[in-house]
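Reading through the structure tokens given below for one structure.
Everything quoted here is computed from the prediction, not taken from an experiment.
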Amino acid sequence: MAALRVEAVLAAAEEQEAEKRRSITVEKELELEYDLGNLLAMDRNPPPAAALRGAGPRREELLRALARDNTQLLVSQLWGLPAERAGGAGGPLVAQLPEPTFRLPREKPPPKPRPPTRWEQFARLKGIRRKKKTSLVWDEQAKEWRRRWGYKRAGGDPSRAWLAEVPAGADPEEDQFARLRREKRERVARNELNRLRNLARAHRAGKDTVPAAPLHPTGHQDRDELRRVARVARVSTASLGRFQPRLPKEPAEPPSRSGGKKRRFEPLLGNLAAERSRQLELLRDMGSKKPVLDITRAVNKQMRQEEAEAAAANKGKKQSKRGKRGRRQQRPGRSGKKSGGRRQAQQQKPAGGGTGGGRRKKA
């Protein structure tokens, strides 16, 4: 009885060893194509069509076995690559992957470049280059290296300092801490307004269908680029190119600012899917609690409000100056009396220069 038990244990051990050998040994009629840089393995062997027909546990089991075998072959190829220990002798074993040979498609389109701001355009025009500054500077008060900007920067925030210097010519009764906080809020609001203006300018530039891009150097101009630049130069006149001389093969109608494109109205019947999507999008916008922000409209509204406030302030200053000037004229003074007396003397005095002159002649 004991001998039978030992034989059964040995047989079970042999089966386990055979199963382990089968788990790491996979045989294929056609060898797989590998791209180890992308961890990619392509199997050209056709699967058994009879087993994949229909849906059932047999089909799922076959697919799992096929995926497992291909993964085992890929892992075996990875173990054949040169490897090293990361972080010392006790670190994990890391394999050095070769350069990928298969170009995988992108899931999403590449990001569009950010449009330049007004300062970036001016710097590019003037040839101004940005100088890189270190992020840490020496703080004399704290006697340590601190960041140039942000929280706990060198020198600290002037609006949070315990002592504020009164500038020369300022009102000594004015709260300097309140003034510093007000100036900081104004700077933050000004920067935010400039940011919104840049976004609105970039939004308007993206809608423009006639870009004002410069020509490439000689030898790289193509027909479309020359035609586009000629159209931009033509519509830059006051008549939009109506009275400009024509090129030999240029169309007779004057090009418009929109590139000759006319408004197109969709048919009333036909594309029901597009109509349904538009209506659903409109209902979604109407039902959403978060309002849709129109950057261009917000910036224009802010600019109009600032211009109205500035005009009102200038109007008040002019009225105050006129009122002061009028009070000065109405207020009695020595100059007014003298001028009034002179006018009365001139009116009462007869045409007198001749009498005195006659007397001197008689004498």
Side-chain angles (χ1 to χ4, degrees), residues 109-142 144-161 164-165 167-170 176 179-222 224-238 257 259 293-307 309-311 313-314:
K112 298 180 180 179
R114 180 180 59 85
T117 60
R118 291 189 63 183
W119 164 249
E120 292 176 351
Q121 294 177 0
F122 176 77
R124 188 182 299 111
L125 180 64
K126 296 297 183 180
I128 301 174
R129 294 185 179 181
R130 184 178 180 181
K131 296 181 180 179
K132 186 176 181 180
K133 296 182 179 180
T134 58
S135 60
L136 298 178
V137 293
W138 179 256
D139 191 359
E140 292 292 342
Q141 298 179 359
E144 62 180 2
W145 291 92
R146 288 190 174 183
R147 297 186 178 275
R148 189 184 298 271
W149 304 281
Y151 179 65
K152 289 186 178 181
R153 64 175 182 267
D157 190 356
S159 60
R160 296 188 177 184
E165 182 180 0
Q176 299 300 323
R179 180 182 63 83
L180 293 175
R181 288 193 294 269
R182 184 175 64 255
E183 291 178 354
K184 183 176 181 179
R185 287 196 300 269
E186 292 176 356
R187 288 194 303 270
V188 172
R190 192 182 307 113
N191 292 336
E192 181 65 17
L193 179 60
N194 292 335
R195 186 182 70 85
L196 293 177
R197 283 177 176 174
N198 290 332
L199 290 176
R201 190 179 298 107
H203 185 65
R204 288 196 299 270
K207 285 187 176 181
D208 191 5
T209 57
V210 184
L215 281 173
H216 289 288
T218 306
H220 295 277
Q221 299 94 342
D222 56 351
D224 296 335
E225 186 174 5
L226 292 174
R227 186 183 298 109
R228 182 174 63 254
V229 175
R231 184 172 65 252
V232 172
R234 178 178 297 279
V235 299
S236 299
T237 59
R257 291 186 180 271
L293 176 60
D294 191 352
I295 299 177
T296 305
R297 187 175 180 182
V299 172
N300 294 337
K301 183 178 180 180
Q302 181 68 18
M303 293 172 64
R304 287 195 300 269
Q305 184 177 0
E306 290 183 357
E307 292 175 358
E309 293 176 357
N314 295 335

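By the 4.5 Å heavy-atom criterion applied to side chains, Gln305 and Glu309 are counted as neighbours.
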Distance-only donor-acceptor hits, side chain of residues 116-132, under 3.5 Å, sequence neighbours excluded:
residue: Thr117; atom: OG1; partner: Glu120; partner atom: N; Å: 3.4
residue: Glu120; atom: OE1; partner: Thr117; partner atom: N; Å: 3.2
residue: Glu120; atom: OE2; partner: Arg114; partner atom: NH2; Å: 3.0

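Around the CD atom of Glu140, the shell of radius 6.0 Å holds more than 12 heavy atoms that belong to other residues, nucleotides or ligands.
Taken to the nearest 0.5 Å, the CG atom of Leu196 stands 10.0 Å off from the OG1 atom of Thr296.
Between the side chains of Arg201 and Asn198, at least one donor N or O sits under 3.5 Å from an acceptor N or O.
Partners of Gln141 according to the side-chain contact (heavy atoms from CB on, under 4.5 Å) rule, which considers only residues two or more places apart in sequence or in another chain, are Asp139.
Remark: Glu186 does not engage Lys184 in a salt bridge, criterion side-chain N to carboxylate O under 4.0 Å.
Not a single donor-acceptor pair under 3.5 Å links the side chain of Arg147 to the backbone N or O of Ala154.
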**Q.** Full working for side-chain contact (heavy atoms from CB on, under 4.5 Å) between Lys133 and Arg148
**A.** CA-CA 9 Å; Lys133 296 182 179 180; Arg148 189 184 298 271; 4.1 Å; yes
Q: I would like to know whether Arg197 and Gln302 meet side-chain contact (heavy atoms from CB on, under 4.5 Å); could you show each step before the answer?
A: CA-CA 10 Å; Arg197 283 177 176 174; Gln302 181 68 18; over 6 Å; no
Q: Would you check, one step at a time, whether the test salt bridge (charged side-chain N to carboxylate O under 4.0 Å, His left out) holds for Glu192 with Arg195?
A: CA-CA 5 Å; Glu192 181 65 17; Arg195 186 182 70 85; 2.6 Å; yes
Q: Show your reasoning for whether salt bridge (charged side-chain N to carboxylate O under 4.0 Å, His left out) applies to Arg146 and Glu144.
A: CA-CA 6 Å; Arg146 288 190 174 183; Glu144 62 180 2; 2.9 Å; yes
